[in-house]
Amino acid sequence: MENVLEVKGLTKRYSGFTLDNITFSLPKGSIMGFIGENGAGKSTTIKAILNIIRRDSGDVKVFGRDNQKYDQDIKQDIGVVFDENHFPDTLDAENINSIMRRIYSRWDEKAFFQYLKQFELPQKQALRVFSRGMKMKMSIAVALSHQAKLLILDEPTSGLDPVVRDEILDIFLEFIQNEEHSVFLSSHITTDIEKIADYIAFIHKGKLEFVSPKDELLDRYGVLKCGLNTFEQIDKRYVKGYRKNRFGVEALVEKAKFPGYTVDEATIEDIMLFTIRGDKQ
Amino acid sequence: MMGLILKDIYTLKKQWKVMLVIFAFYFFISIMGQDAGYFSIMTVIYSFLLPITALAFDEQSHWDKYALALPLSRTAIVLSKYVLAIGINLVMTAITLIVNLAFIYYYDLEIIPIELLALTLGACTVGIIILAVMMPLFFKFGVEKARMVMIVVVLLPTVLIMLFPEFFASVPIAKIIPIIPLAVVALLCVSCFLSIKIYQHKEF
């Protein structure tokens with residue numbers, strides 16, 4: 001399968017934080033959810049992919065081409081949404097249309113105004129009066145209106161209510177209907193990722209913990225609830241992480257290795273939390 | 001590049017309206033005093049105020065991070081600010097010149113038009129020199145911090161002239177004038193080069 005995004009050994013050092021040797025690839029036609037707690041390195045990774053920050057080492061290819069060498073060519077085909085609006089808030093939708101028309105060579109004015117209508121955004125009001133959800137929808141409308149093949153989204157749903165979040169996720173699902181399209185989406189809201197992602201990449205303290213198809217991940221892991229005594233006896237090689245409470249132990253385990261036990265379905269959130277906890281124990 | 005300049009023009013739309021009101025007010029005062037000086041001071045102030053305000057809006061909305069995610073080169077982002085600032089400076093100079101000429105003819109003032117032209121072009125040149133010095137500092141330190149430096153940059157020549165009046169009186173101005181345009185262009189080129197270098201290494 002062709003990859004739209006290939007990151008190899010990506011490293012960026014700051015004092016106090018290092019994005020350490022990140023490697024993953026995003027197959028064309030799929031959605032990858034990039035999860036991790038605040039400060040884990042999600043935004044740093046995205047900024048390095050977009051060439052907003054310089055990498056110290058490693059390799060990033062978008063559409064099979066180096067992201068630094070073909071910077072502007074590549075960006076014609078990428079739609080970007082950050083966690084907040086970056087337009088000066090005195091602008092209105094019509095201004096944004098005139099500006100973007102001169103920046104993106106394949107800007108589609110009709111599509112843009114169509115999205116504004118669909119998202120119920122006013123054309124002549126300054127962004128200043130927009131709610132957070134409206135501003136986010138405006139950024140998404142821009143990202144979708146120049147025939148982008150890849151959407152790179154950094155926390156596009158953070159700070160939004162569940163209704164708007166759901167609407168936005170639907171937009172991404174609609175975008176991915178075209179098999180030439182792909183989405184790379186970071187979020188710490190794991191339920192959002194679970195809803196739409198085909199692949200999950202999990203970053204923790206600057207290191208990539210795992211990249212895996214979502215279904216494989218959910219098939220593989222489960223949550224085992226048992227007493228302390230039972231827990232002492234089980235094979236710890238298959239335990240990803242655990243937490244003790246008053247009633248016993250909850251552990252994230254490889255389901256297949258525990259046939260006789262009651263193992264509940266794990267969510268992406270379970271997998272993320274237990275992996276971090278496992279790290280601490 | 002056009003997209004970026006247009007963005008700044010739209011971003012400043014409130015400032016344009018306020019500017020028109022202020023210009024109208026000072027125009028009125030100038031008519032009252034039969035002296036276009038009041039009006040001219042405002043055009044000079046605005047030729048600095050507008051580009052700086054555009055930069056401040058960018059900082060406030062973290063525009064640069066987004067601009068760099070768009071198909072725009074860092075060089076284009078820097079140059080667009082120069083084009084905007086110089087463009088505003090030239091438009092303001094033209095307005096000042098026209099208003100002053102109108103005053104001379106309408107009120108039959110005893111000012112020689114060629115002197116007026118020299119004065120206005122002089123002010124325009126000084127404006128561009130200040131701009132050339134300031135732009136790299138804006139890109140390096142941001143508008144807030146660089147604003148302090150700007151006061152120094154503007155006051156320094158005045159202080160120097162006050163401290164060394166004999167030296168400046170002995171400068172053969174007539175000989176220098178022909179090379180000024182060249183010197184200003186050279187200064188602008190150096191300034192652009194520095195700003196681009198600074199911006200290339202900036203991370204958002």
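Chain naming here is simple, since letters A, B, ... match the order of the sequence lines and numbering starts at 1 in each.
- Counting heavy-atom pairs under 4.5 Å between each of A:Ser98, A:Ser139, A:Ala126 and chain B puts A:Ser98 at the top.
- Both the backbone and the side chain of A:Phe87 have a heavy atom closer than 4.5 Å to some heavy atom of chain B.
- Pairing each heavy atom of B:Val149 with each of B:Leu137, the nearest pair is CG1-CD1, 3.6 Å.
- Ring-plane geometry between A:Trp107 and A:Tyr104 is classed as parallel, the angle between the planes falling under 30 degrees on a 0 to 90 degree scale with a further cut at 60.
- The contact between A:Val142 and chain B is made entirely by side chain atoms (from C-beta outward), counting heavy-atom distances below 4.5 Å.
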Please walk me through it: do A:Met136 and A:Asn85 pass side chain to side chain contact (heavy atoms under 4.5 Å, CB included)?
CA-CA 6 Å; A:Met136 204 49 91; A:Asn85 160 60; over 6 Å; no
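- Comparing A:Glu84, A:Lys47, A:Gln72, A:Arg102 by heavy-atom pairs within less than 4.5 Å of chain B, the highest count is held by A:Gln72.
- Contact count versus chain A (heavy atoms, under 4.5 Å) is highest, among B:Ala76, B:Pro71, B:Gly3, B:Ser73, for B:Pro71.
- Across all their heavy atoms, B:Leu72 and B:Ala67 have their closest contact at CD1-O, 3.7 Å.
- Using a 4.5 Å cut-off between heavy atoms, B:Lys13 contacts chain A through its side chain alone, with no backbone atom that close.
- Neither the backbone nor the side chain of A:Asp77 comes within contact range of chain B, judged by heavy atoms closer than 4.5 Å.
- Heavy atoms closer than 4.5 Å to chain B are found in both the backbone and the side chain of A:Asn95.
- For the set A:Lys12, A:Arg101, A:His146, the entry with the most heavy-atom pairs within less than 4.5 Å of chain B is A:Lys12.
- Note: B:Thr11 leads B:Leu6, B:Leu68, B:Ile5, B:Thr11 in heavy-atom pairs under 4.5 Å with chain A.
- Cation-pi contact between A:Lys61 and A:Phe63: absent, since separation from the ring centre below 6.0 Å together with deviation from the ring axis within 45° is not met.
- A side chain to side chain contact (heavy atoms under 4.5 Å, CB included) with A:Asp192 is found for one member of A:Leu169, A:Ile168, A:Leu185 and no other, namely A:Leu169.
- Interface remark: B:Gln200 contributes backbone and side-chain atoms alike to the contact with chain A (heavy atom separation under 4.5 Å).
- A cation-pi arrangement is not found for B:Lys202 relative to B:Phe139, the charged atom failing to lie both closer than 6.0 Å to the ring centre and inside a 45° cone about the ring normal.
- No salt bridge links A:Lys205 with A:Asp20; every basic N to acidic carboxylate O contact stays at or beyond 4.0 Å.
- Per-residue heavy-atom pair counts under 4.5 Å with chain B were compared for A:Leu91, A:Val80, A:Asp71, and the maximum is reached by A:Leu91.
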